[in-house]
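Note that ligands are numbered from 1 as they come in the structure, with each ligand's atoms numbered from 1 the same way. All values below come from the heavy atoms of this structure, side chains included, with hydrogens, waters and symmetry mates left out.
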Amino acid sequence: MKNTVTTFQKMKQNGEKISMLTCYDYSTAKLMEAAGINSILVGDSLGNVMLGYPDTISVTMEDMITYGAAVSRGTNDTMVVIDMPFMSYQVSIEQAVTNAGRLMKEGRANAVKLEGGAAVCPQIKAITDAGIPVVAHLGLTPQSINALGGNKVQGKTEEAAREMLDDALKVQEAGAFAVVLECVPAPLATLITEKLTIPTIGIGAGNGCDGQVLVYQDMLGLYSDFVPKFVKQFVKLGDEMTKAFRAYDEEVKSQAFPDEAHSFKMNNTEVLDRLY
Ligand code: KIV
């Protein structure tokens, strides 16, 4: 079944949970689709896990288009959401719509995601008015890491919690069809989920959200620079990969690889004699 804004809305109404994972390449996207994941987020977290930056600030539109298009080529039914990178939507509404359009046309996204609440509602409205579905992102918004003073849980005080709820209602009103809640205390995320008619997708926001998202390198145990408290490693693939790389290294050096089974034969080797 194709995952769309309509099926997401129905899933919320029916109490069915939405699964989302980040992804940045064709082969992994195909595996996620085969596993029945509802949505892939081509997150600007690719700055960290693919490009090795300490944050998402340096990620460009070209990065998002290249990785987004690769993911789109690997999917049919999975909803592909591509992140709008830092400074691709903040400067002006016109630039926001132009860049969202590029992610749709060149990245073949089904929707775009941008970070922020009330401050970006004019952008959310203009992008949705242009026929582009928008996912909002509240709580810890990594593009504002310098303003937030680090990766901290958000919405812990009454004032901050009220502001987040207000922001959630405002992005919904502006036209967002879903909202990511990152690093939000579970009871607050549950309350926001109950107050909204659009689905919430949590990451470090507890079990009360309408769906969950994780960075795939985190959930596969592939990224070891920093493992946040909310990450569950469903497998330690990093260890398995290191084992395989070590085995390859040993076999190359001992000449156990390539063996006959992995080499090509030649029927008439006499021709080679003439080359000596
Ligand atoms: O960029 C990303 O991967 C994200 C998720 C953490 C939600 O925005």
Side-chain angles (χ1 to χ4, degrees), residues 8 18-25 28-29 32 37-61 63-68 70-71 78-90 99-100 103 107 109 111-117 120 124 133-145 148 150-155 164 167-168 171 176-184 189 192-193 198-206 209-220 222-223 225-233:
F8 273 32
I18 298 165
S19 59
M20 180 187 258
L21 282 173
T22 70
C23 182
Y24 320 94
D25 71 283
T28 312
M32 287 182 185
I37 297 299
N38 296 116
S39 179
I40 285 177
L41 170 65
V42 185
D44 61 354
S45 52
L46 69 82
N48 305 92
V49 296
M50 300 296 290
L51 302 176
Y53 294 131
D55 52 45
T56 59
I57 301 298
S58 304
V59 175
T60 64
M61 277 293 296
D63 292 332
M64 298 313 300
I65 287 168
T66 302
Y67 289 96
V71 165
T78 315
M79 184 197 287
V80 176
V81 181
I82 304 186
D83 253 344
M84 299 197 70
F86 183 55
M87 284 300 135
S88 68
Y89 57 94
Q90 291 92 339
N99 284 325
L103 296 179
V112 300
K113 176 167 84 57
L114 51 80
E115 297 181 5
V120 293
I124 294 176
V134 175
V135 179
H137 184 154
L138 298 173
L140 174 62
T141 45
Q143 291 175 13
S144 306
I145 185 100
L148 295 174
N151 290 316
K152 294 179 190 153
V153 178
Q154 302 294 309
M164 201 185 300
D167 277 340
V171 296
F177 77 94
V179 54
V180 166
L181 299 176
E182 178 166 358
C183 286
V184 175
I192 292 173
T193 302
I198 58 172
T200 59
I201 314 279
I203 173 162
C209 295
D210 297 305
Q212 298 293 327
V213 57
L214 281 177
V215 171
Y216 96 81
Q217 283 87 344
D218 284 343
M219 59 86 72
L220 295 183
L222 288 171
Y223 184 74
D225 289 12
F226 173 62
V227 182
K229 172 183 158 67
F230 59 77
V231 166
K232 175 172 174 181
Q233 294 185 333

Notebook entry, point to check: Side chain of S19, backbone of N38: donor and acceptor closer than 3.5 Å?
Noted result: yes
Handout entry: Expected output: side-chain D218 to main-chain V231 donor-acceptor under 3.5 Å
Key = no
The single option from V59, I82, D63 that satisfies side chain to side chain contact (heavy atoms under 4.5 Å, CB included) with D44 is V59
Contact atoms of ligand 1, heavy-atom distance to [X] under 4.0 Å:
X	result
E182	6 (C)
D83	1 (O), 2 (C), 8 (O)
T22	3 (O)
G43	1 (O), 2 (C), 3 (O)
I203	6 (C)

Logged contact type for L46 with ligand 1, heavy-atom cut-off 4.0 Å, is neither
With heavy atoms and a 4.0 Å threshold, my read on which part of L41 contacts ligand 1 is side chain
Return yes when K113 approaches ligand 1 closer than 4.0 angstrom through a heavy atom, no otherwise. yes
D25 side chain to T28 side chain, donor-acceptor N/O pair below 3.5 angstrom | yes
Would you say Y89 and V120 make side-chain contact, with heavy atoms under 4.5 Å? yes
Open item on the list: Does any part of the side chain of Y216, heavy atoms only, come nearer than 4.5 Å to the side chain of V49, both counted from C-beta?
Closed with: no
Mind telling me whether F8 and F177 have parallel, tilted or perpendicular rings, with 30° and 60° as the class edges? tilted
the protein heavy atom lying closest to atom 3 (O) of ligand 1 turns out to be S45 OG, 2.5 Å
